[in-house]
Number of protein chains: 2
Amino acid sequence: MSSENKMDSRKVQQAVERCKSKGLRCTKLMGLTIELLVRTGKPLTVSEIISSAEIADRYDQASVYRLMTRLEEKGIVRRLGLRERAASFVLRHLHEHDDYIVCTSCGVVERVEIDCPVAPLEGIIASASGFRNLEHELEFFGVCPRCPAA
Amino acid sequence: MSSENKMDSRKVQQAVERCKSKGLRCTKLMGLTIELLVRTGKPLTVSEIISSAEIADRYDQASVYRLMTRLEEKGIVRRLGLRERAASFVLRHLHEHDDYIVCTSCGVVERVEIDCPVAPLEGIIASASGFRNLEHELEFFGVCPRCPAA
DNA sequence: GTAATTGCAAATCATTTGCTTCGTA
DNA sequence: TACGAAGCAAATGATTTGCAATTAC
């Protein structure tokens, strides 16, 4: 666990460093939020961030929304839809792109352990469609092993 | 164009038929909505449906929301909306699964003309994760040819 | 010091819900 | 006729915005 914590704090530092290099100011809220994202390692909604122990009642929702928007614009986090009403955010690690699988019954989200099959197609689609700077989002939905069948 | 209209009305009839066979009642609003989805052939939000010429001011938003929910539950339409705030809906044609590309600048949505590369993986992911009844959602994002570079 | 960030309050947008009325099977 | 669907109004939840007070660089 201590090695995990070390890895985590390195990740936090790297992310904060990236923010700085993109011209963002490094604030307390930013640090806490990035740390939370690293520690949980899962997509979090703004309301989950807000209600985390460190942030609860000490920061305003609007500030968190604005922060996440900034982080997304600078490519620090990725915004996911996950078919939920509220958007979720995950840290972007360099050269990593995770896909997720969501339980349509209980809502748990898990990372899909597979090489993303879509990335190689982006070039083809870009030239066929004329679109530039392609990205993609891939999500799977199903019923998780812990939920009863419908 | 007349041949297009013929194909369209056949599609509408088929979709309505499917609704009926699933136990839904065939109402005026359902007919108009399905016709609109067929005619435009693109994902539409509830507010786009509401503001269409035929439906505007004659039906209630809540009714459209409830209709779309029913249609989705019965597998008649597919709900999309990975990055937009409002969900969009497209008709599901049997054995067809379309993926879309969205312009992050102006918002246009186009169908991606490529065989979906993800479907074959669903079996693998299902057994690796333990999830059942897998589906997926794949969307591409980029800047369309008509938008200037950022 | 100055521009970016936050706090607070209010506005907006998407969606849902309760309850009554209507229309289809 | 009975039950699903629509109308209407109000509630909820997520996100955005304006403006004044703060704070990082």
Side-chain angles (χ1 to χ4, degrees), chain A residues 13 15-34 36 43-52 54-74 76-89 104 107, chain B residues 13 15-36 43-52 54-74 76-89 104 107 109:
Chain A
Q13 278 177 26
V16 171
E17 219 41 62
R18 256 183 297 150
C19 290
K20 197 175 293 186
S21 74
K22 299 272 186 178
L24 295 179
R25 291 193 178 172
C26 301
T27 71
K28 197 94 188 275
L29 176 58
M30 176 197 278
L32 290 171
T33 303
I34 289 177
L36 182 65
L44 297 178
T45 64
V46 166
S47 84
E48 287 168 333
I49 293 170
I50 287 284
S51 57
S52 83
E54 311 83 346
I55 294 176
D57 301 325
R58 297 205 276 135
Y59 294 91
D60 192 85
Q61 294 200 31
S63 304
V64 178
Y65 276 108
R66 284 194 260 233
L67 172 63
M68 300 320 287
T69 303
R70 256 176 283 140
L71 293 179
E72 190 198 3
E73 282 168 0
K74 301 300 185 183
I76 311 294
V77 301
R78 190 155 75 96
R79 176 191 299 261
L80 301 173
L82 301 178
R83 233 183 240 190
E84 314 273 314
R85 218 163 120 192
S88 300
F89 300 87
T104 52
Chain B
Q13 278 178 27
V16 171
E17 219 42 61
R18 257 183 297 151
C19 291
K20 197 175 293 187
S21 75
K22 298 273 185 176
L24 296 180
R25 292 194 179 172
C26 302
T27 70
K28 197 92 188 278
L29 176 59
M30 175 196 279
L32 290 172
T33 302
I34 288 178
E35 196 190 305
L36 182 65
L44 296 179
T45 64
V46 167
S47 84
E48 288 168 333
I49 293 171
I50 287 285
S51 57
S52 82
E54 310 83 348
I55 294 174
D57 301 324
R58 297 207 273 136
Y59 293 92
D60 192 86
Q61 293 199 33
S63 304
V64 178
Y65 276 106
R66 285 195 257 233
L67 172 63
M68 300 320 288
T69 303
R70 256 177 281 140
L71 293 179
E72 190 197 3
E73 282 168 2
K74 300 300 185 183
I76 312 293
V77 300
R78 189 156 76 96
R79 177 189 298 260
L80 301 173
L82 289 173
R83 223 174 253 194
E84 315 274 313
R85 208 160 129 195
S88 300
F89 300 89
T104 52
V109 177

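Lettering follows sequence order; numbering is per chain, from 1.
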Self-check item: Between D:dA5 (P) and B:Lys74 (NZ): distance, integer Å
Solution: 9 Å
Quiz item: Just checking A:Ala62: base, sugar-phosphate only, or nothing, at a heavy-atom cut-off of under 4.0 Å?
Solution: base
Quiz item: Rounded to the nearest 0.5 Å, what separation is found between the CG atom of A:Leu32 and the CZ atom of A:Arg58?
Solution: 6.5 Å
Practice problem: Using the closest heavy atom to pick a nucleotide of DNA chain C for each, name whichever of B:Asp60 or A:Cys26 lands nearer the 5' end. | Solution: A:Cys26
Quiz item: A:Arg83 CZ to C:dA14 C1': how many Å, rounded?
Solution: 18 Å
Self-check item: Distance in angstrom units between A:Met30 CE and D:dT23 P, rounded
Solution: 16 Å
Quiz item: Can you tell which of C:dG7, D:dG4, C:dA3 lies closest to the side chain of A:Ser63?
Solution: C:dG7
Quiz item: Closer to the 5' end of DNA chain C via nearest nucleotide, is it B:Ala87 or B:Leu24?
Solution: B:Ala87
Practice problem: Enter the distance from A:Ile49:CD1 to A:Phe89:CZ here, rounded to the nearest 0.5 Å. | Solution: 7.0 Å
Practice problem: Scan B:Arg70 against the nucleic acid and name what it touches under 4.0 Å (heavy atoms): base, sugar-phosphate only, or nothing. | Solution: sugar-phosphate
Exercise. Taking all heavy atoms of B:Met30 and all of B:Cys26, pick out the closest pair and write down the distance.
Key: SD-CA, 3.9 Å
Quiz item: Rounded to the Å, how far apart are A:Arg85 CZ and C:dT17 C1'?
Solution: 12 Å
Quiz item: Separation of B:Arg66 atom CZ from C:dT16 atom C1', in whole Å?
Solution: 8 Å
Quiz item: Is B:Thr27 near enough to D:dA6 that one of its side-chain N or O atoms lies under 4.0 angstrom from OP1 or OP2?
Solution: yes
Quiz prompt | Phosphate OP1/OP2 of D:dT15 contacted by A:Tyr65 side-chain N/O (<4.0 Å) | solution = yes
Exercise. Look at all strands and tell whether A:Leu29 reaches a base, only sugar-phosphate, or nothing, counting heavy atoms closer than 4.0 Å.
Key: sugar-phosphate
Quiz item: Please give, in whole Å, the distance from D:dT16 C1' to A:Arg79 CZ?
Solution: 12 Å
Quiz item: Could you give the distance from CZ (B:Arg83) to CG (A:Leu80), rounded to the nearest 0.5 Å?
Solution: 8.5 Å
Quiz prompt | Rounded interatomic separation in angstrom, taking OH from A:Tyr59 and P from C:dC8 | solution = 12 Å
Self-check item: Pairwise distance CG(A:Leu71) to CG(A:Leu24) - rounded to 0.5 angstrom
Solution: 6.5 Å
Practice problem: Could you state the atom-to-atom distance from CG of A:Leu67 to C1' of D:dT22 in whole Å? | Solution: 16 Å
